[in-house]
Amino acid sequence: MRSVEEHQRVVAGLITARPAALVPVSAAEGLVLAADVVAPLSLPVFDNSAMDGYALRVADVTQTPVTLPVAEDIPAGRTDRLTLEPGTAHRIMTGAPVPAGADAVVPVEATDAGIPVVEIRSAPKPGQHIRKAGEDVAAGTTVLRAAHHISPAALGLVAALGIDRLAVAPRQRVLVISTGSELVPPGTPLQPGQIYESNAVMLAAAVREAGAEVAGMATCSDDVAQFRALLDDYAGQADVVLTSGGVSAGAYEVVKDAFGSDSGRRPGGAVEFVKVAMQPGMPQGAGRLPDGRSIVTLPGNPVSALVSFEVFLRPALRAAMGLPPHRPRRTAVLAEALTSPGGKRQFRRGVYDSAAGTVTSYGPPASHHLRWLASANCLLDIDADVTALAAGEPVGIWDLNT
Ligand code: AMP
Ligand code: MG
């Protein structure tokens, strides 16, 4: 049997970074910059008012109150260049350009808000309420470095700088295929012996949550010809093919059969099927298709499929996008005793109480208990050589909330 770490290395080795690409800023969220971002202009772009009020010259307010004629009205967005004549004021709004000659803005609250004359009731300090051009960013400054994780605030900064495309490590494109002749889509009637297909929507969401992109979703019956045709249909549209089901030891194992030696391993491609010493998720497979796409084949039981995604795919996809591969790992105090199979690393669903620092295992270990998975917020990570843990003992967890 292969260890979890070894299969992690195999999957990580198959999933490689795409070349850096320029993408629209709106598509760059959560990705990593492939190049430094240098400011093409200064921020603020021009001297502008920080308040709604009146632009004036400090020298014109030697005593208060003083009354000044209001010569101009400057809303935000006014584009003509204005000059303030001595002895006058301009009404000005937040973000509007400060006229040449003005050296302060008096907030409307410190006036009678008048027009066409205004009474100024408090004496301004030089520069008051004027945001100076370049005080935030000077043109030519490197504002973000390559490898920076693109946050909402980073998107706001680059948009403010007028940048509409960013060089990034692109998202991995993942084709999600569910296999099983028993599967029918939710929303259609069930015949006896059929079940609703649930892995595709779950794994596609996990792909997107990892920062990758879903290149397509498909369900395939346990028919080798149909499965191969599906791979051909999507040729070139994905970097990674992710299948669920059809890899265990029974008959009608469509994924295994499609790549097994007697069913014709296709030239140039090779997929290896192995048993991994873990629970859930023992039957696994990984390899490369003839067209160069990598393929990772997960077991079909929903809990096995999602745990396998967490253990093998998520870290590999994220590493290939330059993102931190791992969930935060913590140590929590086990709230109850539990047992674990010897020789297998076990990933139990759990509920972690971050305030108390405790964790409770949640639901049975069997791999079809989706309900428990849906309400868990962590995975307990129990070493292969551990067979029992007492209440109060420390246990490693993967925090799924972050
Ligand atoms: P398999 O790995 O194909 O042997 O499937 C193992 C178990 O998972 C069986 O009970 C399947 O019916 C179930 N299963 C497989 N794929 C799916 C799926 N996409 N949605 C829901 N259940 C599935
Ligand atoms: Mg099946």
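Order of appearance sets the numbers: ligands from 1, and atoms from 1 within every ligand. Predicted model, so just to flag it, every value in this text is computed and none were measured. Scope of the values below: all heavy atoms of this structure, side chains included, with no hydrogens, waters or symmetry mates.
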Worksheet item: Taking only residues two or more places apart in sequence or in another chain, which ones pass ring pair (Phe, Tyr, Trp, His ring centres under 6.0 Å) with Y54?
Response: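 None.
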
Item to complete: List for me each residue that meets ring pair (Phe, Tyr, Trp, His ring centres under 6.0 Å) alongside F309, sequence neighbours excluded, and say none if there are none.
Response: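 With neighbours one apart ignored, the set is empty.
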
Worksheet entry | Under 3.5 Å donor-acceptor, S375 side chain and W372 backbone |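 Looks like no, no N/O pair under 3.5 Å.
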
Fill in: Which residues share a salt bridge (charged side-chain N to carboxylate O under 4.0 Å, His left out) with K132, sequence neighbours left out
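Listed in chain order: D47.
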
Worksheet item: For ligand 1, what are the residues with a heavy-atom contact below 4.0 Å?
Response: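 Close residues (ligand 1, cut-off 4.0 Å): S178, T179, E182, L183, I195, Y196, E197, S198, N199, G245, G246, S248, G300, N301.
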
Practice prompt. In plain terms, say whether E272 and R2 are close enough for a salt bridge, that is, a side-chain N and a carboxylate O under 4.0 Å apart.
Written response: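 Result for this pair is yes, salt bridge flagged.
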
Worksheet item: With no hydrogens and no angle check, do the side chains of Q194 and E182 hold a donor and an acceptor under 3.5 Å apart?
Response: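 No, E182 and Q194 have no side-chain donor paired with an acceptor closer than 3.5 Å.
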
